[in-house]
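This report concerns only the one structure given below.
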2 protein chains.
Amino acid sequence: MNELVKKQQRGEVTKKKILEVALKLFSEKGFNKVTVDEIVKKSDSSKGSFYQHFRSKSDIFLVRFTEMDHYYLEVYKSFPENMDPMEKLSIFSQKLMHFLENEMGKDLMKVIYSAALESREHTYFLDSNRSLFKITRTLLEEAIEKEKINPELSLDDVSTMVTQSYMGSIYHWGLRITDRSLDSFSTPFINALLIGISKKL
Amino acid sequence: MNELVKKQQRGEVTKKKILEVALKLFSEKGFNKVTVDEIVKKSDSSKGSFYQHFRSKSDIFLVRFTEMDHYYLEVYKSFPENMDPMEKLSIFSQKLMHFLENEMGKDLMKVIYSAALESREHTYFLDSNRSLFKITRTLLEEAIEKEKINPELSLDDVSTMVTQSYMGSIYHWGLRITDRSLDSFSTPFINALLIGISKKL
DNA sequence: TATAATATCAGACTGTAGTCTAATTTTGGA
DNA sequence: TCCAAAATTAGACTACAGTCTGATATTATA
C-alpha cells in the first residue's frame, strides 16, 4: 500500500498540493486577489509545475467543478421510479442550483462562466458538464416517452432549452449584486419553461 | 459651423479616431489578436489617451453596443397599437437577437458577456442594457394589464425571467461553435417561456 | 487678457498570466 | 540492471492590459 502510494507519480502529489493551497487562497481572498506566483510559493512548487498540471489559473476552479459530477448522479438516482418526469426535472434543477451556490459559490461560477467564453477550446465548459447534460437529457427523454412534452418539440430542442435556462439563471445571478439565492431566481424561471414545453391538455 | 466643430474638445476627435481604428482592427483580426499598443500606434495616439477615453480594452465594444440603444426603441415603436403584447414580446425578442448577431457579432457579444462577469462595477452591463430592459418591462406591464399573464407572477418576476432567457440564449450561443443563428436558438426558447408565463385559459 | 483649474496626451513603468528552456527525476522496455 | 523516452520541476523570460507621472493644451473665470 505504502509502496503503491509512493509509486504514484510524484506529479499527482504536487498537483493535489497545488490544488488545495489554491482553493484555500481563493476562498480566503477571492480568485482575483490571488496570483499564480503566490500559489506556487505557498505550495513549495513552481510555475513549471503549476502549468504542467493545470492549463490555466481558472482551471483550478474547473477541476473542482468537474469533480462534483457524482453529486448529480446521486440526486438523479434518488428519485422514485414512478415520479412524474417533469417533476423530477424541476426538483433536479432546483437541487442543482442549490448545490452550485452552496458548494461551488458565486466566485467560482463567475470565473468558470467567464473563462469558458474566453477559452479557445470549446470543450472547456461542455466537457465538464457532460454528465449533467446526460442526466437532463435522460429525464427529458423519459418525459417525451410518457408524452408529457409538446410533440412538436424534439429531444434536441428541449435539451437545448433546459441548457439555456440553466445558463441564463446562473449568468444572471452572477451579474447581480444581491443576497437572494440562485435557486430563488432559477426555480420560477425553469418551472415556467417546463410549463411552456409541456404537452397541452 | 467649422468654428463650432473646432471648438469641440480635441478629446472627442481623438476618442472617435481610436474607436474607429480599434473596431476596424477587431473586425479584421478578432478582439484577442489586437493589442492596445497596436490600436494607439495605428491611431497616432497613446496609452494615456486611450485610457483617458475608455475604461478598458473591452470598453470599446461596450461603447458600440450601447450606441445601438435607439434601434430597440424603433422596433418597439413600430408595433401596431392593437397587437397582442405577448406577440410583441416574441417578435421584439426575435428582432433583438437577429440584430445582436448581425450588427454586433459573436466576438463582441462574447467579449462583453465575459467582461461583465469580471468587472467590479456591477453597472457595466446593466447600464448599457437599461433601455432594453425598460422596453421589455413596458411590454410585460402591458401584458399584465391585459391579463395575458399568470396572475401569480409579478412584473418583477416575469421581467427577471425574460432577462434570464435573453442571457441564457446569448451565453449558450456564445459558447457553441456552430453556424446556426442566434435567433434559431433563442426564438423557440423564448417562445416556450412566454407560453409558460401566460395565463391559462 | 491673465491665470487657475481642468482635460488631454505621451510614454515609461508595473503586475501578472502564461511560455520556454534546460535540468532532474521517473518509468518502461531490453 | 541500464538506458532512452517521458514526466516533472525550477525559474527566467515574454506579452500585454492597465497605471502613473509629468508635460502640454484648453477652458472658465476674473
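In what follows, every chain begins at residue 1, and chains take the letters A, B, ... in the order their sequences are listed.
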Next on the checklist: For A:Phe99 and A:Tyr71, take the angle between the two ring planes, folded into 0 to 90°, and tell me which bin it lands in: parallel under 30, tilted 30 to 60, perpendicular over 60.
Outcome noted: parallel
Checklist entry - Would you call the rings of A:Phe185 and A:His172 parallel, tilted or perpendicular if under 30° counts as parallel and over 60° as perpendicular? => result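 Geometry flag for A:His172 against A:Phe185: perpendicular rings.
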[X] vs [N]: side-chain N/O to OP1/OP2 distance below 4.0 Å:
X	N	value
B:His53	C:dC9	yes
A:Thr35	C:dG15	no
A:Ser56	C:dA17	no
B:Ser46	C:dA10	yes

Nearest whole angstrom, please: distance from the [atom2] of [N] to the [atom1] of [X].
X	N	atom1	atom2	answer
B:Lys16	C:dC9	NZ	C1'	20 Å
B:Lys41	D:dA17	NZ	P	14 Å
B:Lys17	C:dC9	NZ	P	12 Å
A:Asp37	C:dT19	CG	P	14 Å
A:Ile39	C:dG18	CD1	P	10 Å
A:Tyr51	D:dA12	OH	C1'	15 Å
B:Lys57	D:dT19	NZ	P	15 Å
B:Leu25	D:dA17	CG	P	12 Å

Next on the checklist: Assess the residue pair B:Leu126 and B:Asn129 against the criterion (side-chain contact (heavy atoms from CB on, under 4.5 Å)); give the C-alpha distance rounded to whole Å, side-chain angles, the decisive distance to 0.1 Å, and a yes or no.
Outcome noted: CA-CA 5 Å; B:Leu126 305 166; B:Asn129 276 307; 6.0 Å; no
Checklist entry - Considering only C:dA17, C:dC9, D:dA10, which nucleotide approaches the side chain of A:Ser45 most closely? => result D:dA10
Item to check | Given C:dC9, D:dA10, C:dA17, the nucleotide with the shortest approach to the side chain of B:Gln52 | outcome: C:dC9
Item to check | Donor-acceptor pair (no angle test) under 3.5 Å: A:Lys47 side chain, C:dG18 base | outcome: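 Counting by modelled atom types and ignoring angles, a donor-acceptor contact under 3.5 Å is found here.
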Next on the checklist: Which heavy atom of A:Lys88 sits nearest to which heavy atom of A:Pro80, and what is that distance?
Outcome noted: CE-O, 3.7 Å
Checklist entry - Between the side chain of B:Lys77 and the main-chain N/O of B:Val75, is any donor-acceptor distance below 3.5 Å? => result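 A pair under 3.5 Å: no.
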Checklist entry - Is there a donor-acceptor pair under 3.5 Å between the side chain of A:Thr163 and the backbone N or O of A:Ser159? => result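 Pair found, side chain donor or acceptor close to backbone of A:Ser159.
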Checklist entry - Hey, which of these two, A:Gly48 or A:Asn32, hits DNA chain C nearer its 5' end, going by closest nucleotide? => result A:Asn32
Checklist outcome for this item: Angle separating the five-pair end axes of the helix from C:dT1-D:dA30 to C:dA30-D:dT1, nearest 10°, is 10°
Next on the checklist: With a 6.0 Å cut-off on the ring centroids, do B:Phe61 and B:Phe31 count as close?
Outcome noted: yes
